[in-house]
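Working notes, structure below.
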Amino acid sequence: MRLLVTGGAGFIGSNFVRHVQRERPDWEIVVYDLLTYAGDRRNVEGLDRVSLVVGDICDEQALEGAVAECDAVVHFAAESHNDNSLHSPFPFVHTNVVGTYHVLEAVRRHGRRLHHISTDEVYGDLALDDPARFTPQTPYNPSSPYSSTKAGSDLLVRAWARSFGVQATISNCSNNYGPYQHVEKFIPRQITEVLSGRRPKLYGRGENVRDWIHTEDHSSGVLAILERGRIGETYLIGADGECSNRRVVELLLRLMGRAADDYELVDDRPGHDLRYAIDASKLRDELGWRPRYADFERGLADTVAWYRANRAWWEPQKAATEARYEVLGR
Ligand code: NAD
Ligand code: DAU
């Protein structure tokens with residue numbers, strides 16, 4: 001198997017590449033990544049049987065060549081941060097929608113298997129006290145430029161599967177955490193704020209709930225779907241990890257030896273989704289998938305330890321990231 005991984009130098013993509021490299025030692029992996037501000041070649045450097053092609057998924061010719069030489073494609077590449085999409089939406093339309101169109105056309109032309117990576121945010125949000133969770137039948141109702149472009153990309157994949165017979169599957173996963181996550185995202189931002197001697201910053205009143213999953217569990221779910229998922233189907237990936245943002249910050253502060261209330265409340269994100277929650281029973285029942293990182297607090301402690309030990313990885317991005325937040329007032 002020669003696997004093409006778009007966006008494989010980003011957070012989840014590079015964790016997936018390392019997962020596959022460990023779990024499938026006879027596979028060859030080609031990472032296809034533009035190395036935007038969110039991609040980092042160090043994330044995949046020095047790995048056996050892994051090569052990097054620096055390229056844009058919107059560059060039809062370059063992508064075509066890479067797809068032609070592979071057996072299957074896992075498509076992670078995207079603009080992924082909600083706050084950026086609220087400030088500057090066009091790159092999201094371009095990469096997430098137009099880029100996915102190019103991925104679809106390339107796999108269609110070459111008859112390649114495709115797994116498309118998406119998000120639970122396509123379903124909108126839930127009330128805090130709603131007993132319902134997202135299922136593959138939940139109607140799409142995205143809120144932000146980011147989630148609406150991811151929803152658009154999913155719909156393109158569904159249309160290409162039905163109209164052109166593209167051999168595609170889709171997964172919609174909840175919030176990932178773990179090593180190599182960009183410092184713009186919630187958990188690494190707070191850890192690195194504390195490591196920089198500042199206070200964590202909670203949007204609004206910190207009541208919003210996210211359904212956390214360790215990125216390693218996302219990877220095992222994607223590999224299971226790639227190998228055993230039914231073509232044309234959508235699978236939701238989640239590990240029953242619902243937690244309010246305030247609770248996450250309190251846990252981090254405690255793990256890092258600071259008072260649990262040593263945080264700041266800052267301006268809320270416009271249109272901020274209140275709660276996400278995933279029902280992953282289709283993935284569990286059909287493919288026998290189980291998350292291995294069930295203990296969120298332990299996963300957080302490992303993640304804090306990773307950022308402590310890898311200052312050289314995140315420090316170069318930190319000042320520019322906080323300067324962007326300064327502009328947003330958050
Ligand atoms: P990330 O921002 O860390 O990484 C994105 C990667 O895509 C980067 O390496 C970047 O260089 C690359 N990229 C961006 N534009 C590109 C282009 N035009 N051509 C080629 N490469 C390009 O994102 P992430 O958090 O790792 O998310 C990866 C995927 O998983 C995305 O599709 C995202 O929507 C989805 N997802 C993320 C989460 C989460 O919690 N972070 C949850 C569910 C789904
Ligand atoms: O649900 C899956 C999605 O999770 C993915 O599709 C996205 O790519 C990923 O970025 C993530 O989106 P969120 O918007 O939920 O993640 P973020 O890390 O930006 O924020 C998590 C929560 O924390 C959210 O409620 C906003 C809040 N937040 C965020 C930051 C950066 C804060 O309270 N303070 C902060 O400083």
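Residue numbers run from 1 in the order of the sequence given. When a ligand or atom number is given, it counts from 1 through the structure's own listing order.
- Figure legend: Arg247 and Phe296 shown without cation-pi pairing, the cationic atom not lying both under 6.0 angstrom from the six-membered ring centre and within 45 degrees of its axis.
- For atom 27 (C) of ligand 2, the nearest protein heavy atom (residue, atom name, distance) is Asn245 ND2, 3.4 Å.
- Counting the atoms of ligand 2 from 1 in the order shown, those under 4.0 Å from a heavy atom of Thr119 are 1 (O), 2 (C), 3 (C), 5 (C), 6 (O).
- Between atom 31 (C) of ligand 2 and the options Tyr146, Tyr325, Tyr177, the minimum heavy-atom separation is to Tyr325.
- Residue contact check for ligand 2: Glu184 places a non-hydrogen atom closer than 4.0 Å to it.
- Using the six-membered ring where Trp is involved, Trp160 and Phe164 have ring planes that are perpendicular, over 60° apart on the 30 and 60° scheme.
- Inclusion of Asn175 in the set of residues having an N or O under 3.5 Å from an N or O of ligand 1 is not warranted.
- For atom 15 (O) of ligand 2, the closest heavy atom belonging to the protein is Arg210 NE, 2.7 Å.
- Ion pairing of Arg275 with Glu242 is present here, as a side-chain N (NZ or NE/NH1/NH2) and a carboxylate O approach within less than 4.0 Å.
- The closest protein non-hydrogen atom to atom 36 (O) of ligand 2 is Arg189 NH1, 2.8 Å.
- Not a single N or O atom of Ser118, backbone or side chain, sits closer than 3.5 Å to an N or O atom of ligand 1.
- Ligand 1 has Thr95 within reach: a non-hydrogen atom of the residue lies less than 4.0 Å from it.
- At a heavy-atom cutoff of 4.0 Å, ligand 1 is contacted by the backbone of Leu35 but not by its side chain.
- Ion pair Lys318/Glu315 not flagged as a salt bridge, since none of the NZ, NE, NH1 or NH2 atoms sits closer than 4.0 Å to an Asp/Glu carboxylate oxygen.
- Looking at Ile12, Thr6, Asp56, Val31, it is Ile12 that brings a heavy atom closest to atom 24 (P) of ligand 1.
- Atoms of ligand 1 lying under 4.0 Å from at least one heavy atom of Thr36, given by number and element, are 10 (C), 11 (O), 14 (C), 15 (N).
- When only interatomic distances are considered, the shortest N/O to N/O separation between His218 and ligand 1 does not fall below 3.5 Å.
- Side-chain atoms of Asp217 and Trp289 include no donor-acceptor pair closer than 3.5 Å.
- Crowding of Arg290 atom CZ: a count of heavy atoms from other residues, nucleotides or ligands under 6.0 Å exceeding 12.
- Nearest non-hydrogen protein atom to atom 20 (O) of ligand 2 is Phe186 CB, 3.6 Å.
- Close approach to Ala38 involves these atoms of ligand 1, each under 4.0 Å from a residue heavy atom: 2 (O), 8 (C).
- Residue Gly7 holds the heavy atom nearest to atom 7 (O) of ligand 1 of all those in Ser174, Ser147, Gly7.
- A donor-acceptor contact closer than 3.5 angstrom is absent between the side chains of Tyr263 and Asn245.
- Figure legend: Arg210 and Tyr177 shown without cation-pi pairing, the cationic atom not lying both under 6.0 angstrom from the six-membered ring centre and within 45 degrees of its axis.
- Per-residue contacts place His81 under 4.0 angstrom from the following atoms of ligand 2 (heavy atoms of the residue considered): 19 (O).
- Asp240 has a carboxylate O that lies under 4.0 Å from a charged side-chain N of Arg284, or vice versa, which qualifies the two as a salt bridge.
- Every atom of ligand 2 with a heavy atom of Tyr276 under 4.0 Å away is listed here by number and element: 1 (O), 15 (O).
- Taking a 6.0 Å sphere around NE2 of His110, one finds it holds more than 12 heavy atoms contributed by other residues, nucleotides or ligands.
- For the pair Arg330 and Tyr325, the cation does not sit on the ring face, since its NZ or CZ is not both under 6.0 Å from the ring centre and inside 45° of the axis.
- Residue contacts with ligand 1 do not include Ser14, since none of its heavy atoms lies under 4.0 Å from the ligand.
- Proximity annotation for atom 11 (C) of ligand 2: of Val183, Val266, Asp83, Asn175, Asn175 comes nearest, heavy atoms only.
- At least one N or O atom of Phe11 sits closer than 3.5 Å to an N or O atom of ligand 1.
- When hydrogens are left out, the protein atom nearest atom 1 (O) of ligand 2 is Asp120 OD1, 2.5 Å; that is the closest non-hydrogen contact.
- Between Arg269 and ligand 2, at least one N/O pair is under 3.5 Å apart.
- If you check which protein heavy atom lies closest to atom 29 (C) of ligand 1, you get Phe76 O, 3.2 Å.
- Nearest protein heavy-atom contact of atom 9 (O) of ligand 1 is Asp33 OD2, 2.6 Å.
- Using a 4.0 Å cut-off between heavy atoms, His94 makes no contact with ligand 1 at all.
- Ligand 1 lies within reach of Tyr146, whose nearest heavy atom is under 4.0 Å from it.
- With respect to atom 9 (C) of ligand 2, the closest heavy atom belonging to the protein is Ser80 O, 4.0 Å.
- In terms of protein heavy-atom proximity, atom 3 (C) of ligand 2 is nearest to Glu121 OE2, 3.0 Å.
- We find that Glu121 and Lys150 are not joined by a salt bridge, their nearest charged nitrogen and carboxylate oxygen being 4.0 Å or further apart.
- Taking only nitrogen or oxygen atoms, main chain and side chain alike, Cys173 does not reach within less than 3.5 Å of ligand 2.
- Heavy-atom contacts from other residues, nucleotides or ligands closer than 6.0 Å to CZ of Arg109 number more than 12.
- When Gln190, Lys150, His272, Glu79 are checked for heavy-atom proximity to atom 26 (C) of ligand 2, His272 turns out nearest.
- One finds a salt bridge joining Arg2 and Glu69 here, because a Lys/Arg side-chain nitrogen approaches an Asp/Glu carboxylate oxygen to under 4.0 Å.
- Distances shorter than 4.0 angstrom do not occur between any heavy atom of His182 and any atom of ligand 1.
- Residue-level proximity to ligand 1 for Trp212 is absent, since no heavy atom of it falls below 4.0 angstrom.
- Within the 3.5 Å criterion, the main-chain N or O of Asp48 finds a donor-acceptor partner in the side chain of Gln21.
- For atom 34 (N) of ligand 2, the nearest protein heavy atom (residue, atom name, distance) is Lys201 O, 2.7 Å.
- Judged by the shortest distance from any of its heavy atoms, Cys58 lies outside the 4.0 Å radius around the atoms of ligand 1.
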